[in-house]
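Input: one structure, supplied below.
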There are 2 protein chains.
Amino acid sequence: MNRKAQIRKTLANAGLKATVQRLVILEALTNNYSHPTAESIYKQIKKDYPSISLSTVYNTLEVFRQCGIIRIVNTDSITARYDSVTDMHHHIFVENDNKIKDYYNPELDKILKKFFSKNKIPNLEINDIQLQIRGKYIKIHAN
Amino acid sequence: MNRKAQIRKTLANAGLKATVQRLVILEALTNNYSHPTAESIYKQIKKDYPSISLSTVYNTLEVFRQCGIIRIVNTDSITARYDSVTDMHHHIFVENDNKIKDYYNPELDKILKKFFSKNKIPNLEINDIQLQIRGKYIKIHAN
DNA sequence: TCCGAGTTAATAATCGTTCTAAATTAGGAA
DNA sequence: TTCCTAATTTAGAACGATTATTAACTCGGA
């Protein structure tokens with residue numbers, strides 16, 4: 001199944017009409033691994049689809065979020081950054097350039113799950129566990 | 001050393017003048033474990049010190065943040081929430097009531113540190129590792 | 001005490017987001 | 001297909017949180 005068909009399927013599963021706007025917004029987000037802001041999704045889409053409204057981008061992202069097909073990344077910034085991956089994964093916050101990278105590591109996931117099944121937090125039903133790794137990229141000198 | 005003396009010391013170590021405003025703001029934050037917003041710190045302080053300005057609260061929190069004596073908690077919300085604890089700890093996001101609780105567990109910290117010293121991320125110098133645990137509080141029925 | 005840098009207060013400005021209401025559109029029924 | 005209705009989109013106003021501006025104040029050193 002190609003990407004566009006996959007996106008249509010995601011919308012159908014969520015019970016959402018497959019409007020042009022929803023298709024392009026979700027496609028923009030799934031093609032973008034930089035955890036973009038609403039504004040930057042809007043700018044990207046506007047190139048090919050100039051009549052799109054910023055409101056629509058915000059509204060649609062909020063609809064997607066409520067359906068659970070996207071998320072807002074937890075950050076210390078005012079501006080929301082969106083993530084189309086809802087499977088278990090972690091984030092690397094790169095201090096040099098304000099980028100957020102995904103970090104996948106099934107071994108780590110296993111360790112975390114094991115830890116919290118042994119060490120239950122009283123009365124809490126855990127829905128999601130996510131690591132935030134904050135760091136700086138360092139230059140490697142070959143000499 | 002009492003709390004007020006400790007706060008004075010923290011300011012001195014950061015090279016900051018110990019003004020009344022800074023003292024009350026930092027005291028309010030260190031006494032408050034709910035990761036308050038700027039607005040709620042402002043309201044709390046205003047009771048005892050009515051001439052304080054909301055701007056001062058914002059400015060001062062930002063000064064503290066830049067000095068590294070407080071942090072902004074990573075959240076998916078528009079409103080910044082502040083944390084006076086900068087030692088390694090994690091956060092529990094309680095979905096029922098929008099509260100953020102601290103989670104300390106030295107054993108977990110050891111596991112995480114060990115994992116990342118074994119599994120280095122190329123070119124990345126890690127400054128902080130933090131877990132975000134999202135969940136719901138469940139009622140326990142005794143019968 | 002006086003000076004000057006640092007700090008604060010009040011408020012205007014800005015930014016990101018949400019709301020509102022009118023226009024448009026999608027998709028089902030006839 | 002055409003019509004109908006509810007859902008969706010658009011543009012722009014409104015809003016809330018934060019930041020900037022600037023004049024007044026204050027602290028600590030000379």
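In what follows, chains are A, B, ... by sequence order, proteins preceding strands, each numbered from 1.
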- [ ] May I ask you to test the Met88(B)-Lys113(B) pair for a side-chain heavy-atom distance under 4.5 Å?
- [x]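 Yes. Closest side-chain heavy atoms under 4.5 Å.
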Open item on the list: Would you say Gln21(B) places a side-chain N or O within less than 4.0 Å of OP1 or OP2 belonging to dA9(C)?
Closed with: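 Yes, within the criterion.
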Open item on the list: dT18(C), OP1 or OP2 - any side-chain N/O from Tyr58(A) closer than 4.0 Å?
Closed with: no
Task: Atom-pair distance (CD1 on Ile45(B); P on dT8(C)), nearest Å - done: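 Whole-Å distance recorded here is 11 Å.
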Task: Closest nucleotide among dT8(C), dT17(C), dT9(D) to the Thr60(A) side chain - done: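 Taking heavy atoms from C-beta onward, the closest nucleotide is dT9(D).
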Open item on the list: What is the separation between atom OH on Tyr49(A) and atom C1' on dT9(D), rounded to the nearest whole Å?
Closed with: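 Whole-Å distance recorded here is 8 Å.
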Open item on the list: Quick check: on DNA chain D, is the nucleotide nearest Ser53(A) upstream (toward 5') of the one nearest Ile78(A), or the reverse? Name the residue that is more 5'.
Closed with: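 With Ile78(A) and Ser53(A) compared, the 5'-side residue is Ser53(A).
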Open item on the list: Need one value for Thr37(A): base, sugar-phosphate or nothing, where a base atom within 4.0 Å counts as base even if backbone is also close, heavy atoms only.
Closed with: nothing
Task: Pairwise 5' ranking along DNA chain C for Ser55(A) and Thr79(A), keeping only the more 5' one - done: Thr79(A)
Task: Arg65(B) with Glu62(B): basic N within carboxylate O range, under 4.0 Å - done: yes
Open item on the list: In whole Å, I'd like the distance from the CZ atom of Arg8(B) to the C1' atom of dC27(D).
Closed with: 13 Å
TODO: State, with a plain yes or no, whether a side-chain heavy atom of Arg134(A) is found less than 4.5 Å away from one of Gln130(B).
DONE: no
- [ ] Verify whether one side chain among Asn74(A) and His91(A) offers a donor that lies under 3.5 Å from an acceptor in the other.
- [x]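 No, because no side-chain N or O of Asn74(A) sits under 3.5 Å from a partner of the opposite role on His91(A).
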TODO: Whole angstrom is fine here: how far is it from CD in Glu39(A) over to C1' in dT14(C)?
DONE: 13 Å
Task: Interatomic distance, Leu26(A) CG vs dT8(D) P [rounded to whole Å] - done: 15 Å
Task: Rounded interatomic separation in angstrom, taking CG from Leu16(B) and C1' from dC27(D) - done: 14 Å
Task: Nearest-angstrom distance from the residue atom CG of Leu11(A) to P of dT8(D) - done: 11 Å
TODO: Would you classify Thr56(B) as touching base, sugar-phosphate or nothing, given that sugar-phosphate means primed atoms plus P, OP1 and OP2, and contacts are heavy atoms under 4.0 Å?
DONE: base
TODO: Could you state the atom-to-atom distance from CG of Leu54(A) to P of dG12(D) in whole Å?
DONE: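 Between P of dG12(D) and CG of Leu54(A): 12 Å.
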Open item on the list: Is it true that His90(B) and Asp109(B) share a donor-acceptor pair across their side chains at a distance under 3.5 Å?
Closed with: yes
- [ ] Using the closest heavy atom to pick a nucleotide of DNA chain C for each, name whichever of Val20(A) or Ala80(A) lands nearer the 5' end.
- [x] Ala80(A)
